[in-house]
Amino acid sequence: MPVSASPVPVSPLSEAVFLSAEAAEGVAPRFTATVPLTALRDDVVTATLWATARGVYEAEVDGVPVTDSVLNPGWTSYEWRLTYQQFDVTDTVRGGHDDVRLTLILGNGWWRGHLGFGDADADYGDEIAVAATLEVVYRDGSVQRVSTSDAWGAAASDVTRNSLYRGQSVDARLREGGAPLAVRTSEIDHGVLAPQTSPPVRRHEAVPAQRVWRSPSGRTLVDFGQNLVGWLRFTVQGSRGDLIRIRHAEVLEDGELGVRPLRSADATDEFVLSGGVDAFEPTFTFHGFRYAEVEGWPGELRAADLEAVVVHSEMARTGRFSCSDPLVTRLVDNSVWSQRGNFLSVPTDCPQRDERLGWTGDIAAFAASASFSFDTADFLDSWLQDLRLETEHAPDGAVPFVVPAVLKYANFPAGHLSEWAGPTAIWGDAAVWVPQALWQAYGDADRLAAHYPAMAMHLSSIEPLISERGLWERGNQFGDWLDPDAPPEDPAAAKADAAVVATACLYRSASFAAEAAAVLGNDAEAHRWRGLAARTRDAFVRHYVDDDGIVRSDCATVYALAITFGVLEGDLRSRAAARLAEIVRESGFRVTTGFAGTPYVTWALSETGHVDEAYRLLLEKECPSWLYPITMGATTVWERWDSMLPDGSINPGEMTSFNHYALGAVVDWIHQVVGGLRPAAPGYARVRVEPRPGPGIEWAETSLRTRQGEVSVAWRVASGELTVEVALPDDVPAEVVLPDGRTVEVRGGGHVFTSTL
Ligand code: RAM
């Protein structure tokens, strides 16, 4: 057992080795060591445990968990950045025994266990491992360090099967002692170790079961009333060896669990009873579910027997919104739930099927919305560190479709996504748009500087693809993904011309990169990107816009992007806006946009004098629309406009999630335009209050805990007059823009305004 008293080493884990066990893939090994303290417990000043894993681990000192965080070390781009955690265990060591007992339990996590979709089996490796160091500092200044080594023992824990997608099996009989396992050690690559900067993944509230009943086929079903991400927790007593099996699903179909959308993710947990009172909580997996099917429960299952534990990365809730239309309020709440479920270590597309990957395009669309509802600064910064690392190491120099880029290990059949490569609009633009959202929300110039290199890499990777005409019309594009008019089996078959979408996105990204370079004092780069932006805009206008202002492919998405990103100006902009408003009216206010256009279509309308159309689009309830899912009982944002069809059946497309935040990106517009609370300078150092009332909403209340303090805006329309109440932190300036044409400058405190409409 290496016990040293040398000065604090450079890496807190430099004396540790990785421990692995010879065990079947599903078994979670438990590693233990018992070490005598070198001085009296009463003399312990501090005791700290550092740990990391290739996999996920749980650590205990004297049988006490060292943390209430779960799924450590989380998911990062492990090849270049494996994070370690630090836990203060002073109280446990002081209050424990003269011999300290260290325990590490190791699960597969994101390292091993068939990540990716289909039969991808995108594993980082076939061996999982864990490492830790306990450091005890005594009153006399001496330091004792205990690290993982070949002196540690291992045995099977009570976890007999564990997979993020497929679920977990726990055999409580093994709590009496599992079979011993042979231990292997290996060196840690200290070059990739880094302290964790993403907030820890934690258990949040417990949601009680609302209803237990029998399905038409006689199965026992439970409804938690909310589509959420986490797992079930319960205590039970039954006959030794009896098995309880729990399956999870987001929706019901024909009165039974609708598991088809989960594809190969079984999301099935199993619990074998010891005969005594057993507490169960499967913490080496997670599920996206509202419903559970319980088989083998001893006796009659009652709602009070089970609770659902909500699990996600820790983030402070900063933004709130409510308004007179309860469906719109619910839409915003649904986006909050989808963010919670999909901000679990990395920002994912969905939390339930065999995917759960850091799809770049999804967060490119949703980052601004997310950074209002919650403080996402550390969470998204950590992910952007990985985006930069992955891009630096990508063979084609392009931002990968998913970060961490685990699909590079996938065994896809020929013709699949694997043959796709190269820079992609929206998805690759995450390198620019996510930092842009963070800059607007938090105004952190150091972070902007850290994110700048990936912006430059993204743009540099596109440059060779720009055609002689100055357009981004070469390479692969997802385009306006999930256009509601695309057939279920072909989500890329959009109305919007993919090159028009890509060229507009290039303009936006080059423009923001220029702004970022200027903020960072890099004039040469600012000049370079400004030039690229200007050339791109000229080419767009010349080749894609005709004399009547009609943009090629003439659908809502191309107008939304060209207007919101600032590609069109003056007369062309007004003509494009009039055409967009016409398309929106002609579509009967149903949504006609996919991933690309949806976040911007209401912006493009409201910023060009078409507020009424924007409101009608927002408030439409027929499918496809934002409110249609809510009329169908949705409690999270759906992947497809019609993930559930009006007859209650599940969309036949093989990609049908009920918890996908991307199409919820309209909430950024709801906060800023309906709510009227916008940043006038990065980080809300200056606030713009500009509520834009429209037909169908009589009042709205919006608040945001900014870096400067709490800002709130409440407005109400009565008798043709608007009343706006504004509250600002001390000394924070705001410009209040009223419908009667006045702009009033205020600073700090509470203010009330009335205006004609
Ligand atoms: C799907 C994902 C994601 C999207 C990609 C292109 O598999 O769920 O939402 O970004 O495809």
Side-chain angles (χ1 to χ4, degrees), residues 115-120 122 164-165 229 250 260-265 288 335 338-339 341-344 346-367 369-370 383 387 390 398-408 410 412-413 415-431 433-434 475-484 486-494 496 498 501-502 505 557 593-599 636-643 650-651 653-665:
L115 276 190
F117 32 89
D119 293 318
L164 296 184
Y165 290 170
V229 174
E250 298 185 290
R260 179 178 54 80
L262 303 180
R263 302 191 305 215
S264 74
S335 85
S338 284
Q339 179 173 357
N342 284 295
F343 273 44
L344 199 165
V346 304
T348 54
D349 57 334
C350 60
Q352 74 298 81
R353 67 175 178 232
D354 55 354
E355 198 146 355
R356 314 183 196 188
L357 303 175
W359 278 98
T360 47
D362 302 48
I363 191 63
F366 191 65
S369 303
W383 182 76
L387 181 144
E390 296 281 8
V399 177
F401 303 151
V402 298
V403 172
V406 70
L407 295 181
K408 59 179 171 282
F412 287 126
H416 203 284
L417 207 61
S418 56
E419 293 186 355
W420 272 50
T424 312
I426 302 162
W427 278 255
D429 287 314
W433 300 1
V434 177
N476 297 307
Q477 296 293 350
F478 293 109
D480 196 19
W481 186 252
L482 285 172
D483 175 326
E489 68 289 353
D490 192 1
V501 169
C505 292
T557 287
T593 50
F595 268 39
T598 296
T636 38
V637 178
W638 293 351
E639 176 173 26
R640 297 173 179 272
W641 295 108
D642 56 352
S643 282
I650 297 171
N651 187 300
E654 56 95 46
M655 236 182 38
T656 300
S657 141
F658 292 86
N659 199 354
H660 237 79
Y661 49 56
L663 298 179

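Remember, it's 1-based here, ligands and their atoms both numbered in the order they're listed.
For Trp481, every heavy-atom contact with ligand 1 shorter than 4.0 Å involves the side chain, none the backbone. Contacts between Arg353 and ligand 1 below 4.0 angstrom, taking non-hydrogen atoms only, involve the side chain exclusively. Residue Phe595 touches ligand 1 through its side chain alone, judged by heavy-atom distances below 4.0 Å.
Under the 3.5 Å distance criterion, the side-chain polar atoms of Glu390 are left unmatched by any main-chain donor or acceptor of Val403. The main-chain N or O of Gly653 is never found under 3.5 Å from a side-chain atom of Arg640 such that the two would form a donor-acceptor pair. When atom types are taken as modelled, the side chain of Ser657 and the backbone of Met655 share no donor-acceptor pair closer than 3.5 angstrom.
Set against the non-hydrogen atoms of Glu639, the atoms of ligand 1 under 4.0 Å away are 8 (O). Atoms of ligand 1 lying under 4.0 Å from any heavy atom of Glu355, numbered from 1 in the order shown and given with element: 1 (C), 2 (C), 7 (O), 8 (O). Set against the non-hydrogen atoms of Met655, the atoms of ligand 1 under 4.0 Å away are 1 (C), 7 (O). If you number the atoms of ligand 1 from 1 as listed, the ones under 4.0 Å from a heavy atom of Phe478 come out as 6 (C). Taking every non-hydrogen atom of Trp427 and a distance limit under 4.0 Å, the qualifying atoms of ligand 1 come out as 6 (C), 10 (O).
Ring geometry, Trp359 versus Phe401: the interplanar angle falls under 30°, so the pair is classed parallel (tilted spans 30 to 60°).
The option with the heavy atom closest to atom 8 (O) of ligand 1, from among Asp362, Val402, Asp349, Ile426, is Asp349.
Under the 3.5 Å distance criterion, with hydrogens and angles disregarded, no donor-acceptor pair is assigned to the side chains of Asn651 and Ser643.
Remark: distances from the non-hydrogen atoms of Glu654 to ligand 1 are all 4.0 Å or more.
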Step by step, would you call Thr593 with Thr598 a side-chain hydrogen bond (donor to acceptor under 3.5 Å, both in side chains)? CA-CA 5 Å; Thr593 50; Thr598 296; 2.9 Å; yes
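Between Pro484 and Gly594, the shortest heavy-atom contact is CD-N, 4.3 Å.
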